[in-house]
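First up is the structure itself, then whatever we jot down about it.
Treat the numbers as computed from the prediction; the structure is a model and nothing was measured.
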Amino acid sequence: MDYKETVFLPKTEFPMKAGLPRKEPEILKIWEEINIYQKLREQRKGSEKYILHDGPPYANGNLHIGTALNKILKDIINRFQSMLGKDANYVPGWDCHGLPIEWKIEEQYRKKGKDKDTIPIVEFRKECRDFAKKWMDIQSQEFQRLGVCGNFKNPYTTMTFDAEASIANEMGKFLLNGGLYRGSKPVMWSVVEKTALAEAEIEYEDHKSTTIYAKFEVKKTNLQNVDGAYIIIWTTTPWTMPGNRAVAFSKEINYSLVRIKKIADDSLAKNNDLIIIAKDLVEDVAKNCKILEWEEVSSILGHKFDETILSHPLNNYGYSHDVKMLPADFVTVEQGTGFVHIAPGHGEDDYFLGKKFNIEVPETLAGNGKLLDHLPLFGGMHVLRDNPKIADIMSEKNSLIGRGELIHSYPHSWRSKAPLVFRNTPQWFISMTTNNLKETALNEIEKTQFYPEAGKQRLYSMIENRPDWCLSRQRAWGIPIPVFVNKKTGEPLRDKIVIDRIVSSFKKGGSDAWFEIPASNYLEPEYDANDFEQIQDIADVWFDSGSTHAFVLEDRDDLKSPANLYLEGSDQHRGWFHSSLLESVGSRGVAPFEGILTHGFVLDDKGRKMSKSLGNTVNPQDILRDYGADILRLWVAGSDYYEDLRIGPEIIKHHTDHYRRLRNTLRYLLGSLNGFQENEKIDYSDMPQLEKWLLHRVNEVNNSVREKIEGYNFHSIYTEIHNFCTIELSSFYFEIRKDLLYCGDPNSLERRGCRTALDILFNHLTAWLAPILCFTAEEAWQCYINDKENSIHLKTIPIAVNNWNDEALNIKWKRIRFIRSLVLAEIEEARNNNVIKSSLQAKVEIKLSKEDKDLFENLIAADIFITSEVSFSIEKIETPKITIENADGNKCSRCWKILPEVKPDGLCNRCEDVVKIYCS
RNA sequence: AGGCGCGUAGCUCAGUUGGUUAGAGCGCACGACUGAUAAUCGUGAGGUCGGCAGUUCAAAUCUGCCCGUGCCUACCA
């Protein structure tokens with residue numbers, strides 16, 4: 001007779017094959033139907049808030065794998081916090097202003113043959129706004145497809161009128177507290193377009209420059225025997241000579257004092273002149289300047305040039321200022337003379353070095369590329385065309401020892417392809433020293449919790465070493481710096497009334513108002529608009545996103561500031577973490593976050609960065625289509641995201657394998673719990689020992705999960721859950737309990753106890769997994785309770801029941817499992833020797849110590865080993881000795897155990913009873 | 001070139017203050033079961049702990065150098 005029908009086999013609707021790409025959108029639809037985000041807010045109302053403030057992605061282009069990582073990680077954290085019972089309210093945001101969008105619009109213009117400069121600025125900005133909106137909507141859909149739960153109906157963006165007004169208001173705070181000032185700094189300038197260019201708008205191409213070796217006579221020095229000697233510099237930009245104010249040397253370099261003995265006929269050098277150049281470059285300079293013979297008079301260590309003052313090469317022609325010699329790290333002996341001429345208005349290094357030593361920054365260049373008229377000898381000359389002429393003049397005035405030409409890589413404009421120059425232009429800055437901004441920011445970093453810890457050092461040293469924040473950009477798509485400058489005094493107007501007017505007008509019409517509404521509306525009646533210059537610069541977009549704490553965290557009633565956590569890729573140490581900290585500290589004196597978590601970058605499976613040219617990019621869209629979001633989420637949870645993380649076909653396969661184990665565990669639980677009812681539950685005290693052990697372990701894992709949430713150790717949670725499912729559930733507990741579940745008496749305390757424990761286990765497991773496998777956990781949960789409104793994501797992780805803790809029991813079962821592993825190994829051996837085939841055919845004889853034997857008191861050892869018979873004999877040995885033989889008796893047709901009581905083709909006593917009661 | 005990181009089995013990760021023979025799971029191989037079945041169970045083989053040198057009785061762990069790699073800067077007179 002076939003007893004299969006009488007066996008209580010697992011039964012469930014939960015399919016083994018997930019079909020996530022099809023299933024997930026269905027679940028998303030249900031969540032939308034029941035409005036789960038809103039529901040969660042209502043349910044968690046009044047609970048402790050947990051605010052992970054979203055760093056806004058830039059609204060252009062589709063979701064890529066890095067963003068997917070970022071968003072999933074944020075979602076996992078929010079869901080775990082929510083599962084702890086907190087009100088984890090996530091408001092996603094977008095960064096909307098800035099150059100990349102401006103470019104796209106310009107590109108569209110170029111295609112249509114339109115010129116950007118002929119388009120009214122407000123119209124141009126409108127197109128940028130529409131572009132940002134379009135991508136925001138696309139990305140919003142993509143983020144939600146990943147399972148991200150948040151306020152997608154009302155996200156924040158940096159371009160709403162409220163946000164623009166609020167950001168302008170923040171700039172107003174810096175204006176009023178004195179932190180914002182007008183300074184100047186050399187920027188990459190295109191003399192063709194008459195505009196500053198951003199780093200990204202620059203391309204490097206070969207360019208032919210006129211080079212000169214110019215001589216600076218030593219005027220005052222502590223050095224001996226250098227009277228009348230010349231320091232020689234080399235430059236590829238002769239036009240910067242009028243702006244020269246210093247010469248840089250390196251303390252580490254050895255220099256030579258050289259007397260020129262013989263020169264070629266066409267050399268510009270003079271016999272008997274004493275020149276000073278780096279020792280390593282003497283040959284090189286001599287060759288380039290056609291010096292045929294020379295002698296080294298002495299050598300000079302670099303650091304001795306301190307305090308030395310030189311004369312400008314054109315000292316006698318209107319350039320009579322002192323030229324200081326300054327030490328600088330960036331001076332090398334790779335090229336030139338080992339001295340670098342410093343024109344603070346025409347180079348980044350030059351500017352900062354000059355600033356450090358309080359050297360004036362002269363203005364020498366007009367926006368159209370012409371040297372200013374008042375400059376002696378060179379007024380009106382053009383920086384790109386007249387370099388040979390400048391070299392001629394200097395040569396005439398006996399201020400060179402050589403000249404030449406050099407083809408080298410040089411910055412050019414992306415648009416016009418014209419060479420660029422560094423030009424000193426007025427810019428707005430936020431001072432790092434006013435109001436102790438830097439110091440306070442560093443203190444706030446000390447108070448911040450960093451995950452991982454190394455982030456603290458990184459942010460700290462960046463803030464510590466950064467110069468003042470240059471806030472202005474010469475651009476169109478962004479928030480204007482809302483400042484008026486008094487034409488007479490050059491001072492910015494610092495008046496709260498005016499700022500308030502600007503802010504309220506931005507609130508009504510957005511920051512376009514700056515370009516549309518006449519200045520008089522803001523200034524009058526207190527001031528006369530004619531007395532003021534209206535600033536046309538746009539604020540650095542980092543100021544926008546740096547202000548999100550103000551217009552998101554502070555302005556929304558359902559959020560709070562400071563946020564519990566800011567979480568971004570490690571590149572944001574220089575970006576959002578940085579600007580948010582400075583903005584908040586500068587305006588409020590405190591950091592906007594309590595913690596910072598950084599994740600690494602996504603690399604390919606070999607650890608190389610992804611690039612189109614290598615063809616190793618991984619598209620999240622492909623993974624969603626082929627595997628589903630839960631697989632991507634599992635990849636995030638299973639990786640150590642503090643470091644860079646890898647992805648590729650093999651790694652995806654690895655995670656789908658792990659997914660199957662988790663899914664099958666859920667499936668087996670659901671199958672085993674088929675028909676489980678409240679009245680089947682029994683008390684803990686009535687449960688078998690094995691179930692008590694299981695509940696102890698459930699408690700242990702539960703505590704561990706809770707603890708690891710606090711430290712954001714999700715890959716550790718993942719590993720622990722996976723190992724628990726594999727080692728303790730699937731291959732141990734489930735394996736042992738199959739007999740009881742399939743064949744046991746449904747009314748027995750043993751089987752009811754087992755199912756009660758399985759129910760508890762299922763409740764825990766789905767709660768642990770829900771934040772990671774948000775779709776699968778919901779699917780399994782719904783399969784169990786069948787109540788759409790009652791989503792798994794509304795639940796919390798169960799509170800540990802102290803009663804279940806029994807460490808002594810755990811230690812006992814560790815030993816039992818060890819003995820079991822010895823038995824299984826012997827069974828395998830017996831199988832290989834053809835003694836038995838299946839383990840139920842085995843009779844196990846164990847020689848073991850009394851202590852070990854006592855472990856099995858009141859337990860059915862055969863069940864634990866999944867054999868039919870076990871006999872013990874006590875011996876004084878440490879490790880049990882096991883022999884395997886064939887079990888005595890016949891095979892029970894229902895439970896397949898081999899027992900003496902069973903008649904051929906018959907049933908064992910237990911099965912006979914069960915069949916009689918339940919299957920007739 | 002500089003600043004901050006990283007490098008442990010094919011894959012994802014553990015390895016406490018230096019201390020036996022470097023661990024886990026997956027994958028792989030072999031086997032079992034056919035009552036979790038495109039599942040489940042068992043057994044097993046996989047590592048010069050990126051390389052070299054040093055400190056030490058003892059190094060995956062501490063130090064130095066090198067190689068590879070990632071992020072951020074600087075790519076210049």
Side-chain angles (χ1 to χ4, degrees), chain A residues 3-4 7-12 16-17 204 211 233-237 240 247-248 328-332 334-343 346-350 408-411 422 452 454-455 457-459 461-462 465 569-575 598 600-603 605-609 634-635 637-640 642-646 648 650-655 657-658 660-661 663-665 667-672 715-716 718-720 722-727 730-732 734-735 738-739 741-743 821 824-825 827-829 831-832 836-840 866 894-896:
Chain A
Y3 286 94
K4 184 160 178 167
V7 176
F8 311 112
L9 292 176
K11 199 177 150 197
T12 173
M16 182 178 305
K17 196 165 161 24
Y204 287 82
T211 61
I233 65 94
W234 177 74
T235 178
T236 57
T237 52
T240 58
V247 166
D329 300 335
F330 56 81
V331 179
T332 65
E334 276 167 33
Q335 227 179 351
T337 64
F339 294 108
V340 177
H341 118 80
I342 298 297
H346 301 296
E348 194 126 44
D349 284 341
D350 304 46
H408 59 147
S409 171
Y410 190 83
F422 264 108
Q457 186 52 41
R458 190 163 173 187
L459 187 58
S461 61
M462 279 178 187
N465 296 317
S570 61
D571 57 332
Q572 296 302 325
H573 286 104
R574 168 107 11 221
T598 49
F601 275 69
V602 184
L603 309 174
D605 46 7
K606 293 190 187 73
R608 298 169 308 182
K609 72 161 38 168
L634 205 53
W635 165 71
S639 304
D640 180 4
Y642 288 163
E643 303 300 337
D644 291 339
L645 46 178
R646 303 179 179 198
E650 190 187 353
I651 294 167
I652 293 292
K653 181 177 180 297
H654 171 252
H655 289 289
D657 285 336
H658 277 222
R660 274 211 298 276
R661 161 68 74 188
R663 187 175 179 89
N664 279 322
T665 305
R667 181 165 187 264
Y668 190 69
L669 279 170
L670 285 166
S672 302
H715 65 269
S716 177
Y718 168 90
T719 308
E720 180 155 14
H722 187 266
N723 281 350
F724 180 62
C725 287
T726 303
I727 302 166
S730 192
S731 74
F732 181 68
F734 291 170
E735 200 62 16
K738 272 180 188 173
D739 175 67
L741 284 166
Y742 296 178
C743 301
S821 74
L824 294 181
I827 289 175
E828 179 67 13
E829 181 71 17
R831 227 196 307 259
N832 291 338
I836 54 162
K837 289 190 87 179
S838 84
S839 98
L840 276 177
I866 317 180
R894 183 162 176 271
C895 72
W896 298 346

Legend entry - A:R646 side-chain N/O to B:C13 phosphate OP1/OP2 under 4.0 Å: no

Legend entry - Rounded P spacing from B:A45 to B:A1 in Å: 46 Å

Inset, instruction - Looking at every strand, decide which applies to A:K837 at a 4.0 Å heavy-atom threshold: base, sugar-phosphate, or nothing. - result: sugar-phosphate

Legend entry - Non-hydrogen atoms of A:L603 and A:G607 that approach each other most closely: CD1-O, 3.4 Å

Inset, instruction - Compare side-chain N and O positions of A:S731 against OP1 and OP2 of B:G42 and report whether any pair is under 4.0 Å apart. - result: yes

Legend entry - Closest non-hydrogen atom pair, A:S461 against A:R458: OG-O, 3.3 Å

Legend entry - B:G64: syn or anti, per glycosidic angle within 90° of 0: anti

Legend entry - C1'-based separation of B:A9 from B:G5 [nearest Å]: 24 Å

Legend entry - P-based separation of B:A14 from B:C52 [nearest Å]: 25 Å

Inset, instruction - Using a heavy-atom cut-off of under 4.0 Å over every strand shown, decide if A:G607 touches base, sugar-phosphate, or nothing. - result: sugar-phosphate

Inset, instruction - Find the distance A:L645:CG to B:U69:C1' and express it as a whole number of Å. - result: 15 Å

Legend entry - B:U63 and B:C71, which share atom name C1', separated by this distance in whole Å: 26 Å

Inset, instruction - Please state how far atom NE2 in A:H658 lies from atom C1' in B:G10, giving the value in whole angstrom units. - result: 13 Å

Inset, instruction - In whole angstrom, give the distance that lies between atom CZ of A:F339 and atom C1' of B:C76. - result: 18 Å

Legend entry - Nearest-Å distance once atom C1' is located in both B:C65 and B:U55: 15 Å

Legend entry - Side-chain touch A:W635/A:L645, heavy atoms, less than 4.5 angstrom: yes

Inset, instruction - Could you check how far CD of A:E650 sits from P of B:C11, rounded to whole Å? - result: 6 Å

Inset, instruction - Considering just the side-chain nitrogens and oxygens of A:S639, establish if one lies under 4.0 Å of OP1 or OP2 belonging to B:C13. - result: yes

Legend entry - A:K609 vs B:C71: side-chain N/O to OP1/OP2 distance below 4.0 Å: yes

Inset, instruction - Using atom CD of A:E735 as one end and atom P of B:G35 as the other, report the distance to the nearest whole Å. - result: 14 Å

Inset, instruction - Please measure how far the C1' atom in B:G25 lies from the corresponding atom in B:G15, and state the result in whole Å. - result: 15 Å

Legend entry - Close side-chain approach of A:N664 and A:R667, heavy atoms under 4.5 Å: yes

Inset, instruction - Using Watson-Crick or G-U wobble geometry with both distances below 3.5 Å, tell me the partner of B:U12, or none. - result: B:A24

Legend entry - Complement of B:G68, any strand, by Watson-Crick or G-U distances under 3.5 angstrom: B:C6

Inset, instruction - Scan every strand shown for a Watson-Crick or G-U wobble partner of B:A1, both distances under 3.5 Å, and answer none if you come up empty. - result: B:U73

Inset, instruction - Between B:U12 and B:C4, how far apart are the C1' atoms? Round to whole Å, please. - result: 25 Å

Inset, instruction - Could you check how far NZ of A:K738 sits from P of B:C33, rounded to whole Å? - result: 14 Å

Inset, instruction - Could you tell me the separation between the CG atom of A:D657 and the P atom of B:G27, rounded to a whole number of Å? - result: 5 Å

Legend entry - side-chain N/O A:Y3 vs B:G35 OP1/OP2, d < 4.0 Å: no

Inset, instruction - Kindly say if A:R661 contacts the phosphate of B:C41, meaning a side-chain N or O under 4.0 Å from OP1 or OP2. - result: yes

Legend entry - Distance, C1' atom - from B:G51 to B:A32, rounded to whole angstrom: 45 Å

Inset, instruction - Indicate, yes or no, whether a donor-acceptor pair under 3.5 Å links the base of B:G25 to the side chain of A:H654. - result: yes

Legend entry - 5'-most by nearest nucleotide on RNA chain B - A:N832 or A:G638: A:G638

Inset, instruction - Would you say whether A:W896 stacks on B:G35? The test is a distance between ring centres of less than 5.5 Å and an angle between planes of less than 30°. - result: yes

Inset, instruction - Would you check if A:L669 and A:F734 make a side-chain contact, meaning some heavy-atom pair closer than 4.5 Å? - result: yes

Inset, instruction - Describe the nucleic acid contact of A:F734 in one word from base, sugar-phosphate, nothing, applying a heavy-atom distance below 4.0 Å. - result: base

Legend entry - Distance-only donor-acceptor test (3.5 Å): side chain A:R458, base B:C71: yes

Inset, instruction - Ignoring backbone atoms, test whether A:R831 places a side-chain nitrogen or oxygen under 4.0 Å from the OP1 or OP2 oxygen of B:G42. - result: no

Inset, instruction - Could you walk me through whether A:D657 and A:R661 pass the salt bridge (charged side-chain N to carboxylate O under 4.0 Å, His left out) test, one step at a time? - result: CA-CA 7 Å; A:D657 285 336; A:R661 161 68 74 188; over 6 Å; no

Inset, instruction - Round to a whole Å and report the spacing from CD1 of A:I727 to P of B:U43. - result: 12 Å

Inset, instruction - Test for a donor-acceptor pair under 3.5 Å between the base of B:A36 and the side chain of A:S730, counting only N and O atoms. - result: yes

Inset, instruction - Using a 4.5 Å cut-off on heavy atoms from C-beta on, say whether the side chain of A:I727 contacts that of A:F732. - result: no

Inset, instruction - Pick base, sugar-phosphate or nothing for A:G336, based on heavy-atom distances below 4.0 Å to the nucleic acid. - result: nothing

Inset, instruction - Return the 5'-most residue of the pair A:A454, A:E828 with respect to RNA chain B, ranking by each residue's nearest nucleotide. - result: A:A454

Inset, instruction - Give A:L9 one of three labels, base, sugar-phosphate or nothing, depending on what nucleic acid heavy atoms sit under 4.0 Å from its own. - result: base

Inset, instruction - Answer with base, sugar-phosphate or nothing: what part of the nucleic acid does A:R663 contact at a heavy-atom distance below 4.0 Å? - result: nothing

Inset, instruction - Indicate, with a heavy-atom threshold strictly under 4.0 Å, whether A:Y668 touches base, sugar-phosphate, or nothing. - result: base

Legend entry - Side-chain N or O of A:H722 closer than 4.0 Å to phosphate OP1/OP2 of B:C13: no

